[in-house]
Asker: 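Supplied in structure tokens, the structure appears directly below.
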Amino acid sequence: MPEPTTAACVAAVGKSLFIGGAWVDPAAGGSFPVYDPATGEALCEVADAGTRDGRRALDAAVGAQQAWAATAPRQRSEILRRAYEIVLARSEDLALLMTLEMGKPLAEARGEVDYAAEFLRWFSEEAVRIDGGFAVSPDGRSRLLVMRQPVGPSLLITPWNFPLAMGARKIAPAIAAGCTMVLKPAPQTPLSSLALAEILHEAGLPAGVLSVLPTSDPGPLVEPLLRSGQIRKVSFTGSTQVGRLLLAQAAEAVVKASMELGGNAPFLVFADADLDKAVDGAMAAKMRNMGEACTAANRIFVHESLAEEFGHRLAERMAALVVGPGTEPDVTVGPLIDDAARGKVSALVADALSRGAHTVTGGSALDRPGYFFAPTVLTGVSRDSELMRAEIFGPVAPIVSFTDEDEVVRAANDTEWGLVGYVFTENLSRALSVAERLEVGMVGLNTGLVSNPAAPFGGVKQSGLGREGGRVGIDEFLEYKYIATPSS
Ligand code: NAD
């Protein structure tokens, strides 16, 4: 097994929690293993945070809030900029660490390091552009001043599928806005978050502004924080199921909430699509992160005139992918995160086959250590198959044919989720009209990749509340304060 080499990575694979600017042992002791999904074997143990550690981290965040909010925006900006540069300088080690704990191929992990770094750079630029307003009231008798202030101590909770970028997408705007924070990473992938904490510390982030608490038991750690009355903001990325639970807890303490939840992306290929672009787009939208992405194309609707050709071409490309441990140089598809994830994908494929689907390529788990599943294309998928309703979260492309534009838009919208949709057509008016009618927060128009730190990422319906990235990303961590003053 390759070893992470730099000090940052070695520190991340240590045994401590990061609280109040220092590496500390958990109050109750204890650790839990982090597994390599390519082998199923433990990589290392990390410290297991409990309720008392949550309290310590909250105290640190509350204690640091006032002074941190009063720092010059330029100071916060420059900390982020330095962190951006350190992340890029350590790109290879961070990518390796991420591949080891999460499974994605090294080339994709390098891409995620760049993506994460861009959030640090983007919000270093946004930190110095927090503005307010001044207006004369309509009756001319008073002046209206509006200022923006940090919302306060924030709780950040991230998933395992993009271990570095999901943390950076929350931490960077919180720093830019002047919020202190407690980050709880996913138990499957805490190492990248610990490495990022080390980097931010080196970049000059003051003690207490960020604490990182890996835990094997998130409920008892998180709930008291949300109910404490001292956390002012929760920013969560993960499943809709856990998002609902956290929203209910946040509601009781009236905590401002941002939710980046699950997806069930429709991918529409119209009769006038450029087939080369559509197949490239499907490969990107389906196979990025082995299909373990909230943005993954989950339901591929292809016009009946192209469905057969599209299915063959996609299957050819899928069959040519190299499945194996992400640390091996030629590998393009790594393992799924764990045995349960692989079991879920197998069950969804079995259900689709039992309802009349055909396997064009793949179709099963690989018989080797680790949690590998073959890149799979299914055609003739029945619309009542379970995989049309559930997030597949694996390398399975189900193809359904359609004839009518209105009908396919209705089918695309027939889901509780609304994160992203993909539209492939060379007809401009159809492109715009379908993009407008899709009930989603983002549309990929003739592209299978929408993620961009400079754009507002997020969903509608049960895919979430709020946006991350873009000009609006910092708003999630700011409040308005209005000051009324008479004209003289
Ligand atoms: P998850 O909901 O199981 O876990 C997400 C985080 O919540 C983890 O840190 C987990 O430890 C924590 N958590 C679990 N139970 C909790 C509880 N009771 N209290 C507090 N925290 C708790 O999701 P996951 O399996 O880690 O990630 C996959 C999901 O994330 C998918 O549904 C995917 O679509 C979604 N996702 C969404 C986006 C987006 O931007 N919309 C991005 C990436 C992933």
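When a ligand or atom number is given, it counts from 1 through the structure's own listing order.
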Asker: Name the closest protein heavy atom to atom 40 (O) of ligand 1, giving the residue it belongs to and the distance to 0.1 Å.
Answerer: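 Nearest protein contact, heavy atoms only, for atom 40 (O) of ligand 1 is Arg169 NH2, 2.8 Å.
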Asker: Under 4.0 Å from a heavy atom of Val222: give me the atoms of ligand 1 that qualify, with their elements.
Answerer: 20 (C)
Asker: Going through the distances and angles, do Val24 and Arg56 end up as a side-chain contact (heavy atoms from CB on, under 4.5 Å)?
Answerer: CA-CA 11 Å; Val24 300; Arg56 271 202 288 178; 3.8 Å; yes
Asker: Looking at Met166, which atoms of ligand 1 are within less than 4.0 Å of one of its heavy atoms?
Answerer: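 Every atom of ligand 1 under 4.0 Å from some heavy atom of Met166: 42 (C).
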Asker: Parallel under 30°, tilted from 30 to 60°, perpendicular over 60°: which one fits the rings of Phe267 and Phe310?
Answerer: tilted
Asker: With distance as the sole criterion, is a donor-acceptor pair present between the side chains of Ser258 and Lys233 under 3.5 Å?
Answerer: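 Ser258 vs Lys233: donor-acceptor pair found between side chains.
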Asker: Please determine whether any non-hydrogen atom of Pro187 lies less than 4.0 Å from an atom of ligand 1.
Answerer: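 The answer is yes: ligand 1 sits under 4.0 Å from a heavy atom of Pro187.
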Asker: Please work out which of Ser239, Ala293, Pro159, Gly238 has its closest non-hydrogen atom nearest to atom 2 (O) of ligand 1.
Answerer: Ser239
Asker: Going by the atom numbers of ligand 1, which of them fall below 4.0 Å from some non-hydrogen atom of Ile157?
Answerer: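 Listed by number with element: 6 (C), 7 (O), 9 (O), 12 (C).
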Asker: Please work out, at 4.0 Å between heavy atoms, whether the side chain, the backbone, both, or neither of Ser463 comes within that distance of ligand 1.
Answerer: neither
Asker: Could you verify whether a donor N or O on one side chain and an acceptor N or O on the other, from Gln65 and Thr180, lie under 3.5 Å apart?
Answerer: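 Indeed, the side chains of Gln65 and Thr180 share at least one donor-acceptor pair under 3.5 Å.
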Asker: Would you call Arg148 and Glu126 a salt bridge, taking side-chain N to carboxylate O under 4.0 Å as the test?
Answerer: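 Judged by the 4.0 Å cut-off on N to carboxylate O distance, Arg148 and Glu126 do not form a salt bridge.
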Asker: Out of Asn289, Thr295, Val242, who is nearest to atom 15 (N) of ligand 1 when you count heavy atoms only?
Answerer: Val242
Asker: So, using salt bridge (Lys or Arg N to Asp or Glu O under 4.0 Å) as the criterion, who are the partners of Glu92 when residues are at least two apart?
Answerer: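 Checked Glu92 against salt bridge (Lys or Arg N to Asp or Glu O under 4.0 Å); matches are Arg110.
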Asker: If the condition is salt bridge (Lys or Arg N to Asp or Glu O under 4.0 Å), which residues does Arg121 pass it with, not counting sequence neighbours?
Answerer: Glu118
Asker: Relative to each other, are the rings of Trp160 and Phe393 parallel, tilted or perpendicular (30° and 60° limits)?
Answerer: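 Geometry flag for Phe393 against Trp160: perpendicular rings.
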Asker: Among Ser451, Cys294, Pro163, Gly469, which one has a heavy atom closest to atom 39 (C) of ligand 1?
Answerer: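 Closest candidate by heavy-atom distance is Cys294.
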Asker: Considering only protein heavy atoms, which is closest to atom 26 (O) of ligand 1, and at what distance to one decimal place?
Answerer: Trp160 CD1, 3.0 Å
Asker: In terms of side-chain heavy atoms, does Asn264 have a donor or acceptor partner in Arg389 at a distance below 3.5 Å?
Answerer: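 No, Arg389 and Asn264 have no side-chain donor paired with an acceptor closer than 3.5 Å.
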Asker: What residue and atom, counting heavy atoms only, is the protein's closest point to atom 9 (O) of ligand 1, and at what distance?
Answerer: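 Protein heavy atom with the smallest distance to atom 9 (O) of ligand 1: Thr158 O, 2.7 Å.
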Asker: Hey, is ligand 1 close enough to Gln188 that some N/O pair sits below 3.5 Å?
Answerer: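 No; the residue has no nitrogen or oxygen that sits under 3.5 Å from a nitrogen or oxygen of the ligand.
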Asker: Just need the protein heavy atom nearest to atom 7 (O) of ligand 1, so name the residue and atom and give the distance.
Answerer: Phe236 CE1, 3.2 Å
Asker: State the atoms of ligand 1, each with its element, that fall below the 4.0 Å cut-off from a heavy-atom position in Phe457.
Answerer: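 That gives atoms 39 (C), 40 (O) of ligand 1.
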Asker: Go through the side-chain N and O atoms of Thr240 and Gln462 and say whether any donor and acceptor fall under 3.5 Å apart.
Answerer: no
Asker: Counting non-hydrogen protein atoms only, what is the nearest one to atom 44 (C) of ligand 1? Give residue, atom name and distance.
Answerer: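 Looking at atom 44 (C) of ligand 1, the protein heavy atom closest to it is Asn161 ND2, 3.3 Å.
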Asker: Which option wins on minimum heavy-atom distance to atom 41 (N) of ligand 1: Leu261, Ile337, Asp338?
Answerer: Leu261
Asker: Just need the protein heavy atom nearest to atom 33 (C) of ligand 1, so name the residue and atom and give the distance.
Answerer: Phe393 CZ, 3.4 Å
Asker: When you measure from atom 21 (N) of ligand 1 to the protein, is at least one non-hydrogen atom found at a distance under 4.0 Å?
Answerer: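 Yes, at least one protein heavy atom sits under 4.0 Å from atom 21 (N) of ligand 1.
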Asker: Would you mind checking which non-hydrogen protein atom is closest to atom 10 (C) of ligand 1, with the distance to 0.1 Å?
Answerer: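 Of the protein heavy atoms, Lys184 NZ, 3.9 Å lies nearest.
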Asker: Got the closest protein heavy atom to atom 18 (N) of ligand 1, with its distance?
Answerer: Leu245 CD2, 3.3 Å
Asker: Under 3.5 Å, is there a donor-acceptor pair between the Thr237 and Lys170 side chains?
Answerer: yes
Asker: Can you sort out which atoms of ligand 1 are near Pro185, meaning under 4.0 Å from one of its heavy atoms?
Answerer: 9 (O)
Asker: Does any N or O of ligand 1 fall below 3.5 Å from an N or O anywhere on Glu391, backbone included?
Answerer: yes
Asker: Locate the shortest heavy-atom distance separating Pro395 from Phe373; write the atom from each residue and the value.
Answerer: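 Heavy atoms only, the tightest pair is CG-O, 3.6 Å.
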Asker: State whether Asp339 and Arg342 are salt-bridged, where the test is any N-O pair (Lys NZ or Arg NE/NH1/NH2 against Asp/Glu carboxylate O) under 4.0 Å.
Answerer: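 Looking at Asp339 and Arg342, the cut-off is met.
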Asker: Below 4.0 angstrom from a heavy atom of Thr237, which ligand 1 atoms are there? Numbered from 1 as shown, please.
Answerer: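 Matching atoms, with element in brackets: 5 (C), 36 (N), 37 (C), 38 (C), 39 (C), 40 (O), 42 (C), 43 (C), 44 (C).
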